[in-house]
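In listed order, ligands and their atoms are each counted from 1. Index from 1, following the sequence.
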Amino acid sequence: MTKPIIEVKDLAKNFGKNQVLKDITEQVTPGQVIVVIGPSGSGKSTFLRCLNLLETPTSGEVDFAGENLTTLDTKRVNELREQMGMVFQSFNLFPNMTVLENIKLAPMKVKHVDDATATKRAHELLKQVNLDDHADAFPASLSGGQAQRVAIARSLAMDPKVMLFDEPTSALDPEMVGEVLSVMQQLAEQGMTMVVVTHEMGFAKSVADRVWFMADGYIQENSTPDDFFSNPQTERAQDFLSKIL
Ligand code: ADP
Ligand code: MG
């Protein structure tokens with residue numbers, strides 16, 4: 001069996017008395033695309049943030065590439081975190097830098113990649129997200145869909161082993177959702193390991209290897225998309241699907 005790249009064991013997370021994640025044990029293997037779906041407030045973002053220790057688990061373990069993040073010092077956690085790209089609902093591009101500079105910044109600062117190499121790679125990534133003609137634009141001049149594609153390119157510039165997406169299209173006007181999803185789909189086809197929180201059921205159906213349905217602090221179902229959408233096992237999932245489909 002392939003070794004998992006992410007392994008979550010008995011993960012729990014409380015905010016005060018609010019038990020958001022109760023007991024989660026799951027694995028992600030290299031190349032897998034996991035789509036996490038579930039009602040608002042069910043802990044999807046918290047779960048994603050626990051995977052790279054942006055949130056500290058209350059108990060349990062998160063292993064990344066064979067190392068238990070919860071036992072490591074900050075320096076090592078930061079090194080490993082660089083290998084996990086994260087894309088949020090809001091793009092958070094640096095407004096005072098061009099698109100190209102946004103993408104080059106982390107590789108040059110953090111990995112000490114030289115300017116020429118970083119520039120070449122940034123152009124390649126911009127081609128990949130269909131924005132090479134916007135290399136010298138500033139973020140304020142971009143549409144939401146373009147900005148999100150730059151944010152994806154910027155994450156990819158660090159050559160992550162895994163990409164985490166937290167509702168990457170939720171803040172976009174409807175006509176821009178497709179261009180971002182298609183970039184994500186291409187990335188999946190290239191073999192990137194991805195954990196994607198999204199409400200885009202079409203994306204889940206066509207791109208996910210597994211759907212994880214989260215509710216009430218648990219991953220209630222871990223299924224293929226076919227099984228999940230045609231034959232959800234739990235009442236919680238049946239209820240959720242009846243409301244959205
Ligand atoms: P989802 O992404 O599924 O909508 P979240 O993970 O954002 O859910 O939130 C799950 C629960 O955890 C909610 O009740 C939310 O209020 C709570 N929560 C999330 N982040 C924090 C925080 N930093 N401090 C306190 N409560 C939080
Ligand atoms: Mg969320």
Below 4.0 angstrom, counting only protein heavy atoms, does anything approach atom 16 (O) of ligand 1? no
Using a strict threshold of under 4.0 Å (side-chain N to carboxylate O), is an ion pair present between Glu79 and Arg76? yes
Does Leu54 belong to the same Ile/Leu/Val/Met/Phe/Trp/Tyr cluster as Val62, with side-chain heavy atoms less than 4.5 Å apart forming each link? yes
Output, by chain and residue number, all protein N/O/S atoms separated from the Mg ion (ligand 2) by less than 2.8 Å. Ser45 OG
Whether the Gln190 and Gln128 side chains hold a donor-acceptor pair (N or O, under 3.5 Å, no angle test) is what I'd like checked. yes
Less than 3.5 Å apart, any donor N or O on the side chain of Thr98 or Asp136 sitting next to an acceptor on the other? no
For Phe64, is the NZ or CZ atom of Arg81 found under 6.0 angstrom from the centre of its six-membered ring and inside 45 degrees of the ring axis? no
Identity and distance of the protein heavy atom lying nearest atom 4 (O) of ligand 1: Gly41 N, 2.7 Å
Looking at atom 10 (C) of ligand 1, tell me if a protein heavy atom falls under 4.0 Å from it. yes
Which residue holds the protein heavy atom closest to atom 7 (O) of ligand 1, what is that atom called, and what is the gap in Å? Ser45 CB, 3.7 Å
Heavy-atom distances under 4.0 Å are what count here, so tell me which part of Asn18 touches ligand 1: side chain, backbone, both or neither. side chain
Any nitrogen or oxygen of Phe15, side chain or backbone, less than 3.5 Å from one on ligand 1? no
Taking atom types as modelled, find out whether Thr224 and Asp226 have a side-chain donor-acceptor pair closer than 3.5 angstrom. no
Taking 4.0 angstrom as the limit and counting only heavy atoms of Val20, give me the atoms of ligand 1 inside it, by number and element. 10 (C), 11 (C), 12 (O)
Taking 4.0 angstrom as the limit and counting only heavy atoms of Ser40, give me the atoms of ligand 1 inside it, by number and element. 4 (O)
Show me which atoms of ligand 1 lie under 4.0 Å from any heavy atom of Pro39. 3 (O)
Side chains of Thr193 and Lys161: donor-acceptor distance under 3.5 Å anywhere? no
Side-chain donor/acceptor of Lys13 to backbone N/O of Thr46, under 3.5 Å: no
Is the closest side-chain donor-acceptor distance between Gln233 and Glu221 under 3.5 Å? no
Taking only non-hydrogen atoms of Gly16, do any sit less than 4.0 angstrom from ligand 1? no
Regarding Glu26 and Asn222, is there a side-chain donor-to-acceptor distance under 3.5 Å anywhere? yes
Take every heavy atom of Gly43, measure it against each atom of ligand 1, and state whether any distance is under 4.0 Å. yes
So, Thr119 versus Asp115: side-chain donor-acceptor pair below 3.5 Å or not? yes
What protein heavy atom lies closest to atom 6 (O) of ligand 1? Include the residue and the distance to one decimal. Thr46 OG1, 2.5 Å
Distance in Å, Gln146 CD paired with Leu131 CG, rounded so as to fall on 0.5 Å steps: 5.5 Å
